[in-house]
Structure formats: C-alpha cells, structure tokens
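To start, the structure under review is shown below, and the notes come after it.
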Amino acid sequence: MTIKLKKQVIEILKVLKRKSTELMAIELAKELNVDYIVLMAAINDLIDHNLGGFREEEINQISLNDEGLNYLEIGLPERRLLNLLIESDIKEIGITEFLNKSKLDKKIFYVGLSNMKKNRWIAQSKATGETKIFLVAEEFSATEVEEFMKKFEKSPILNYSKLSKIELECLDLLNKRKLITKAKKTQRIIFLTKKGRSVKLSEIKELKQVSKLTSEMLSSGSWKDYNLKPFDVTKPGPSLKGGKYHPLVNLINQIREIFISMGFTEIRGPIVESAFYNFDALFQPQDHPARELQDTFYLNNPKIAKLPEKDKVMAVKATHENGGDSNSLGWGYEWDENVAKQTVLRTHTTATTIRRLAKFYRDNEKTPVKVFCIDRVFRNEKLDKSHLAEFTQIEGIVIDDHVNLSDLIGLLSEFYKKMGFEKIVTRPGFFPYTEPSMEVSVYYDKIGEWLEMGGSGIFRPEVTYPWGIKEPTRVLAWGQGLERIAMLYYARKDIRDLYINPIKWLRQQPY
Ligand code: PHE
C-alpha cells in the first residue's frame, strides 16, 4: 500500500533515513531551515503513519555564548591575527607594532597570540631586545578547536553525551576561554520507527497540494488526501473594500458639527411642500417667474396641500395684497388661496425655516433661536456638469433682537473659516424675501478663484410680521449649496459624479 505524505514531510523522512540516527528537533529544524513548529507539525504526520515519533529527554546541552557565536562568525582571535600577517605579507614583526596593527583589545590580542604559539604558527624571540614575532608554519589549516566550533553552525545545541574524546578536549579548551554555555534541558528527540526505517521512498506518494478547501472536500472527507498550501501571513492581503460613509454624508456630518459647535440646532421639514410655505409665506408674488413650471416640480399626487391656521393665511394674503400690518404696500394684486394650496417638491429649504418661524409663533418662544437645516431640494433644471435637478442646501436662521447685517456676515465668515475657507466676500443680491440681500462668495486657495456659495439676508417684515416677529426682533437667513463645497473638497469637476458615484473614486475615499 502506498503512503501519501505532504512534500515537506517526505523531505524530513529523507533526511532522517539518510542520517539513520536520532536527532534533536532543534537540530533538525536548523538543518532543514524550517520553523520548529512547522517541523513538529510534520513529525505529527509521521506519527499518524507510524513512521516516526519523538521523545523528550533531559540533555546536558552545550552551546556557544554570545562571544563564542561572534567568533564562529568572524574567526577566533588567533585566526584573525594570522590572516592579518598573511594578508600584509609579514614574516616578522615587533610585538607592539603587531598589537597596534591588529586594532584588537590588548587582552584579546594576547589570547590570540598565545594560541598562535600553541598552534605552532609563530615563534617569538627577544634576541634584538624587543620581542619579535616570526611566522614559522607553512600550513595553516583549521585546528581541531575550529573544526569543533563549526559543529555549532549546523546545530546551535550539542548533546554533551554524544561528543567524542577529541571533541570533549576541544570543548574543554573553549570552556576555559569562556566561550561555552552549559545547560540541562529537556529536548525533543526525533526518531524513525521500524516501519519508518524500512519503508522505501518509492512506496511513498506526495499529497496533491491545494490552496483552497471546497465544501465538497469537507463533506466527502477527501480533504485528508490533500496537502493544504501554507499561508504566508507576511504577504499583504487583498485590500478590503468595506462599506463606508459616502463623501457627501461625511461632508454633511462635518457641517453639522460646525453648526452645533456654534450653538445651532438642526431642523428638518417635508420634501413635499405647499406653495404656501415654499413661496407665499416668503412674499413671492403668485406670478413670480420662479414659480413657473420650468423651475418648480408641481405634484399631482397629492395635489392639494393643507394650509396653516386661517388667521395666518389671511395675514400672508394681506401682505401680498396691501402689506398687511408690515408697513409695506404689498404687491397690489388679488392673492388666490388655491394657488397657495398647490403641492411642490420644495425648491429651497427656506420653506423649512419659515415653518420654524410658524413654530416660534405658536410656541410663543423666546429669542434667540438658532437653527440650521441640511437637506434636499428640487428644481427642474437641465443636468450638466454644474447643475443637478436634485441637490442639497445648507440653510439657517437666527431669530434675535437687534441683530443686523454685520452679525450675519460674521456668522457666515465664522462658518466658512471652520470649513477651511479663510476669505469670504459679500455682494448685494436680490431675493423677494430679504432686505438687504447678499450673495456670498468664498476664496478657494487651491484654484485661486472666488466661488459663489449662495444667498443670504434679513427677512423682510412682509415675511416675519405675519408670524408676529416684529422689530426689534429680526431674522437673519441664508441658504448655500452643499454640492458646490463638495466639488471643491473632493476635487470633482463634474457635479454629477457626486451622485453617479464612480466606484474607483469612492474606493479611494477614507473611511
Ligand atoms: N433660498 C435661496 C436660494 O435657494 C437662498 C436664500 C436663503 C437667500 C435665505 C436668502 C435667505 O437660493
């Protein structure tokens, strides 16, 4: 019957058969240049097939100490001194000159010198007054001690009881030179069984090596007939492509943190909004071009929105028709409640901040109120590399007494500074619901350009009075584009990338 073994187990078996002697496991591991653990795993395979085994034995073990190991590598001092003479072609030399030339520690030099004499490599004479060294031998082959030391190259530990008489003499010499460590330790001794000694290599087949286990191998038990390829755990593995936050989500979270750190609270509002909150409450006349179909998505389902309390609807109607109690003349047209009841996908998050004004009124709240909203808005725009039909606004309001335009500029500067934009400029702008109105631009160092970020201003009395918010209480308001900032942050030239999600780009993003 043929025996199936892993390749590395066969290698070990071969060595053991060739040596036909017992070996210490550490010795064998060194010889095969494998890890001790790997070796013992292989021995287990031999045990499974009753080919080999190991026993533990207390051993008087000897090894070289650090100095001895160093000499094993660079040569004993006498050998190094000899090499120096041969290399420099020196036949005779004064002892002091020799010492200096050797650059050895004095003590080591004399140890080397006395061993050179013992080896009969040199002679010493004082005939001329100064002690001189003469090279006398013609042949400088390795000494017995050197031969013995070489044994430690093969096995770091030798078994005292296995040493020959000559080896014991050498050991004694090295021990006197303080190059040896002795210890009593339990070692594993590897041996072959009778079967292991007699088995012919032709009767042994190598197990097929595979790198993957299949479920089939497991269920049929055939995995035993395979040699699993060992893993190299030092090799880099495939890069992990785990789930992570989308860059836009990360950016939103960062902005959220900034507003929260500035004392703001987050608000949210419906995406399906009434024209009332989206336009009318913002004092946008019902024939305002922004309401036209090309900009606004009107909805058929639901078609009609619920309006707030009657008196508030009436107050808004009055501001449009004649200014109501806001000291304004209004727009001077007949306001139609049915137009206000139309449903739209909100075109800006300003609709949500107006809802917050309504809450301020209903809950009879005290100033100041500082809120922000980061959310989606919709406009019927043609898509291109700088326009989306669905995008995100960063909106906010501060309801407080005596606040003015400087406060608003200060707030926005602070926000953009925290976002990493040092410089901002504001220019006059126009929105039907703010007076004064400002456009905000930030300076982007990396491309050396000013970029428009969005609008802001102080809500007009026509917007705030219907909700009972009157002088000296004012409402600072702003609405900025998130995707603009995202394009700068993530260096995307095409705004659509943020939603099309090129997988390569997403994978490069940090977790
Ligand atoms: N709603 C405006 C827009 O969508 C931005 C804005 C908000 C302007 C608040 C002034 C005050 O562009």
Side-chain angles (χ1 to χ4, degrees), residues 245-271 273 277 282 346-360 363 365-377 390-426 429 431 433-434 437-444 451-459 463-464 467 469 473-490 498:
Y245 285 121
H246 191 279
L248 276 182
V249 174
N250 280 332
L251 184 60
I252 287 172
N253 284 337
Q254 189 185 338
I255 293 170
R256 197 170 263 146
E257 291 289 327
I258 291 175
F259 277 120
I260 287 168
S261 78
M262 289 167 73
F264 283 76
T265 315
E266 186 165 8
I267 56 167
R268 308 218 42 194
I271 283 170
E273 189 52 281
Y277 278 118
L282 283 159
R346 72 174 162 208
T347 61
H348 52 187
T349 39
T350 318
T352 298
T353 52
I354 297 299
R355 284 180 176 269
R356 189 62 185 79
L357 296 190
K359 178 176 154 52
F360 182 81
D363 295 356
E365 285 181 69
K366 299 265 164 313
T367 53
V369 167
K370 295 160 78 180
V371 294
F372 71 97
C373 173
I374 310 170
D375 222 338
R376 282 188 297 165
V377 299
E390 177 182 342
F391 57 99
T392 312
Q393 285 191 320
I394 310 162
E395 189 98 15
I397 52 169
V398 170
I399 312 173
D400 206 357
D401 306 331
H402 303 292
V403 282
N404 57 33
L405 210 58
S406 313
D407 295 311
L408 179 58
I409 295 172
L411 244 163
L412 292 172
S413 305
E414 182 69 11
F415 168 73
Y416 280 115
K417 200 181 215 161
K418 285 182 192 270
M419 288 296 295
F421 303 101
E422 288 291 333
K423 290 186 258 179
I424 83 163
V425 285
T426 51
F431 299 97
Y433 34 95
T434 48
S437 304
M438 290 189 312
E439 300 277 359
V440 182
S441 298
V442 300
Y443 188 74
Y444 193 49
L451 289 144
E452 259 184 43
M453 285 293 160
S456 63
I458 301 177
F459 278 153
V463 175
T464 61
W467 307 104
I469 298 169
T473 305
R474 295 179 196 141
V475 182
L476 310 178
W478 62 91
Q480 319 271 295
L482 174 82
E483 287 79 2
R484 284 280 168 87
I485 303 179
M487 282 169 82
L488 297 183
Y489 258 58
Y490 300 114
L498 299 171

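Worth knowing before you read on, the calculation uses all heavy atoms, side chains too, and leaves out hydrogens, waters and symmetry mates.
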Name of the residue among Thr434, Val463, Val403, Leu405 meeting side chain to side chain contact (heavy atoms under 4.5 Å, CB included) with Ile458: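 Per the side chain to side chain contact (heavy atoms under 4.5 Å, CB included) rule, the option paired with Ile458 is Leu405, out of Thr434, Val463, Val403, Leu405.
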
Phe372 and its side chain to side chain contact (heavy atoms under 4.5 Å, CB included) partner, picked from Ile255, Ile260, Thr349, Val398: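 Among the candidates, only Ile260 passes.
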
Rounded to the nearest 0.5 Å, what's the gap from [atom1] on [X] to [atom2] on [Y]? Could you check?
{"X": "Lys366", "Y": "Asp401", "atom1": "NZ", "atom2": "CG", "answer": "11.0 Å"}
{"X": "Ile399", "Y": "Thr367", "atom1": "CD1", "atom2": "OG1", "answer": "9.0 Å"}
{"X": "Glu452", "Y": "Glu439", "atom1": "CD", "atom2": "CD", "answer": "5.0 Å"}

Do the side chains of [Y] and [X] get nearer than 4.5 Å, heavy atoms only?
{"X": "Arg346", "Y": "Thr352", "value": "yes"}
{"X": "Leu282", "Y": "Thr350", "value": "yes"}
{"X": "Val377", "Y": "Thr347", "value": "no"}
{"X": "Lys359", "Y": "Trp467", "value": "no"}
{"X": "Ile397", "Y": "Val369", "value": "no"}

Please find the pair of heavy atoms, one from [X] and one from [Y], that lie closest to each other, and give the distance.
{"X": "Leu498", "Y": "Ala486", "answer": "CD1-CB, 3.8 Å"}
{"X": "Gln254", "Y": "Tyr489", "answer": "NE2-OH, 3.4 Å"}
{"X": "Leu476", "Y": "Trp478", "answer": "O-CZ3, 4.2 Å"}
{"X": "Tyr490", "Y": "Pro247", "answer": "OH-O, 2.8 Å"}

Check: Tyr444 side chain, Leu488 main-chain N or O, donor-acceptor pair, under 3.5 Å: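 Checking the backbone N and O of Leu488 against the side chain of Tyr444, a donor-acceptor pair under 3.5 Å is found.
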
Donor-acceptor pair, side chain of Thr464 and main chain of Ile469, under 3.5 angstrom: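 It does hold such a pair.
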
Atom CZ of Arg484: over 12 foreign heavy atoms under 6.0 Å: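 Not buried by this count: 12 neighbours or fewer within 6.0 Å.
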
Pair Leu357-Phe459, side-chain contact (heavy atoms from CB on, under 4.5 Å): steps then yes or no: CA-CA 11 Å; Leu357 296 190; Phe459 278 153; 4.1 Å; yes

Would you be so kind as to tabulate the donor-acceptor pairs closer than 3.5 Å made by side chains of residues 261-271, with sequence neighbours excluded?
unit_1, atom_1, unit_2, atom_2, d
Ser261, OG, Ile258, O, 2.7
Glu266, OE1, Arg256, NE, 2.7
Glu266, OE2, Arg256, NE, 3.4
Glu266, OE2, Arg256, NH2, 3.0
Arg268, NE, Asp375, OD2, 3.1
Arg268, NH2, Asp375, OD1, 3.2
Arg268, NH2, Asp375, OD2, 3.1

For residues 407-425, which side-chain donor-acceptor pairs fall under 3.5 Å, sequence neighbours excluded?
unit_1, atom_1, unit_2, atom_2, d
Asp407, OD2, Asn404, N, 2.8
Ser413, OG, Ile409, O, 2.7
Tyr416, OH, Gln480, OE1, 2.3

